[in-house]
Number of protein chains: 2
Amino acid sequence: MAKGKFDSVSDPVSPLPRYLEIQRDLQARIASGQWVPGSRVPAEHELQAQYHCSRMTVNKALSALAKAGLIIRRRRSGSFVAMPRSQETILNIQDIKAEILAKGKAYRFEILTRQERAMTTDDALQLRVTPGGQVLAISVRHFANEFPFVVEDRLMNLAIVPAARDEPFIVSPPGTWLLDVVPWTNAEHVIHAELADQRIATLLGIPKKSACLAIERRTWQGDATITWVRLTYPGDRHQLTSHFRPGGPLIP
Amino acid sequence: MAKGKFDSVSDPVSPLPRYLEIQRDLQARIASGQWVPGSRVPAEHELQAQYHCSRMTVNKALSALAKAGLIIRRRRSGSFVAMPRSQETILNIQDIKAEILAKGKAYRFEILTRQERAMTTDDALQLRVTPGGQVLAISVRHFANEFPFVVEDRLMNLAIVPAARDEPFIVSPPGTWLLDVVPWTNAEHVIHAELADQRIATLLGIPKKSACLAIERRTWQGDATITWVRLTYPGDRHQLTSHFRPGGPLIP
DNA sequence: CCGGCTATTATGTATAGACAAATTAACCGG
DNA sequence: CCGGTTAATTTGTCTATACATAATAGCCGG
């Protein structure tokens, strides 16, 4: 005999690892409706016999399906096809510089205003911290191919990011700089629509009272808020797009 | 001796499985910046010695970290702390009925229009399929506590969902019904801002030309488009919120 | 000095066996 | 028939080992 992996019975040379084969096979049965929600998935030892492999291999496939939320596993009871999940999608909000460059457009930005000040009540509210300390307030306009792309209004908590005080933000805009310099642990996004006021209209070069997409983001490091930012996009020119597959990271 | 699991050396009774302990420990070192991006993670056999366990256990922890994108693994080279990831967040777009009920408000809906027709060119474009076949076009208004909440304009591909033809949509609105009945494999979302036209303004009870948040969703089953839907929310009253932790599903 | 071969190394996948924990099912005494 | 104890089942975790695979490092001949 030559070599032949582990000499699996019926599959001489499989391009896909065994556990992924099993995983996809089970996933297909669930997606196709062959196994309806609530129905029982064969026990590990049964699948082991069916697929002619060890229990660990079956376990790896089943655990992945469980982590993806396609099945529910309970000791002694067995595994069951999960109920249809509420819709959930992965929205990729890139760093603005990366976002524009990814579209193959020329990127440029300009600092509109920059102010270092004692934290006001409003600042504290928006950062969701107790007042006190200093903040750096910065407004930036980003351009794609020399067209105004988005207006950024940002508050940075200088108690957490003192280095920002001495950063001129010449090569990188504040958002990109922060991403590179400060590790963050939590983020919150709020997306809504609003009408352009005079300032936004002028800065984006759009008519006053046209629709804008506003994204607000708060970023934390542990319990401390690092920064709050509000990005205002022209609503008709910008849109957020996302794709989603249930059992998301399963089929990479 | 009584029993004592596997008699691990220094940890008599651990409430957490070993691989999770290791995983969290490594994760903490990465998050804290102790291991900077690009730096090398000890090899499996080193960690095995450090944590006093088998290589498979270490492997499980490292594989999970790799899947979560915290480290990059390469054969022969070793494992390395990943570069800071582009911002990515999980946006939860619930089924409307569930969304309203979750807010503790009374839910009601009404069918505004319903038309079964041969697929028009526009329909085909929006469903992204080649023309031909029948579609069901439905408009629905959803209420929360008797206030207009969102307007839904939907196209359903009757070639894929013939059952919709005979469904009166009395107990459940089309979206909820579809979620319960039809398994889907892919979805695409597009979010943008726009101004309310006369119809939307009337239906939502808001001034004409006020800002609206529009969410369009296309849902597939394999290659076939099941449905296209456009949800129009009042921009000032509705917002999408999401939280995100890097290394998301790691800390359940 | 360059290009290709070989040895080494780290990860990837898989096996078989073992004990632990949880929960259901069966049983049995009152 | 009820309630509690015991047994059986299923998943969860872990070990030790083995071979596969990819990629680097080093060697060696031209």
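First the proteins, then the strands, lettered A, B, ... as listed; each starts at 1.
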- Task: Ignoring backbone atoms, establish whether T57(A) has a side-chain N or O less than 4.0 Å from OP1 or OP2 of dT15(C).
- Result: yes
- Message: What is the separation between atom NZ on K60(A) and atom C1' on dT13(D), rounded to the nearest whole Å?
- Response: 15 Å
- Message: Rounding to an integer number of Å, can you tell me how far M56(A) CE sits from dA16(D) C1'?
- Response: 12 Å
- Query: How long is the line joining CZ of R73(A) and C1' of dA21(C), in whole Å?
  - Reply: 14 Å
- Query: Q23(A) has an atom CD; how far is it from atom C1' of dA14(C), in whole Å?
  - Reply: 15 Å
- By side chain to side chain donor-acceptor pair (under 3.5 Å), W35(A) pairs with (sequence neighbours left out) none
- Check the distance between dT11(D)'s P and L65(A)'s CG and give it to me in whole angstrom. 13 Å
- Length of the NE2-P vector between H52(B) and dT15(D), whole Å: 11 Å
- Identify, with sequence neighbours excluded, every residue that meets side chain to side chain contact (heavy atoms under 4.5 Å, CB included) alongside A61(A). I22(A), Q23(A)
- Among the nucleotides dT11(D), dT15(D), dT11(C), which one has an atom lying closest to any side-chain atom of R55(A)? dT11(D)
- With sequence neighbours left out, the residues meeting side chain to side chain donor-acceptor pair (under 3.5 Å) with E152(B) are H142(B), R154(B)
- Task: Under the side chain to side chain donor-acceptor pair (under 3.5 Å) rule, collect the residues that match up with R55(B), sequence neighbours excluded.
- Result: E44(B)
- Task: Would you mind reading off the distance between I72(B) atom CD1 and dA10(C) atom C1', rounded to a whole angstrom?
- Result: 16 Å
- Phosphate OP1/OP2 of dC14(D): any Y19(B) side-chain N/O under 4.0 Å: no
- When rounded to whole Å, the CG to P distance for the pair N59(B) and dA14(C) reads 12 Å
- Excluding sequence neighbours, so at least two apart, what forms side chain to side chain donor-acceptor pair (under 3.5 Å) with R29(A)? D25(A), Y51(A)
- Message: List the residues meeting side chain to side chain contact (heavy atoms under 4.5 Å, CB included) with R75(B), not counting sequence neighbours, and say none if there are none.
- Response: none
Which atoms of nucleotides 22-27 of chain C (N or O only) lie under 3.5 Å from a protein N or O atom, and what are those distances?
from: dT24(C); atom 1: O2; to: R76(A); atom 2: NH1; distance (Å): 3.0

- Query: With ring centroids as reference points, do H192(A) and Y233(B) lie under 6.0 angstrom apart?
  - Reply: no
In residues 163-172 of chain B, what donor-acceptor pairs under 3.5 Å come from side-chain atoms, sequence neighbours left out?
from: R165(B); atom 1: NH1; to: E116(B); atom 2: OE2; distance (Å): 2.7
from: E167(B); atom 1: OE1; to: W177(B); atom 2: NE1; distance (Å): 3.1
from: E167(B); atom 1: OE2; to: F169(B); atom 2: N; distance (Å): 3.2

- Item | Sub-4.0 Å heavy-atom contacts from residues 43-51 of chain A onto DNA chain C, ordered by number | none
- Query: Looking at Y107(B), is K97(B) sitting on its ring face, NZ or CZ under 6.0 Å from the six-membered ring centre and within 45 degrees of the normal?
  - Reply: no
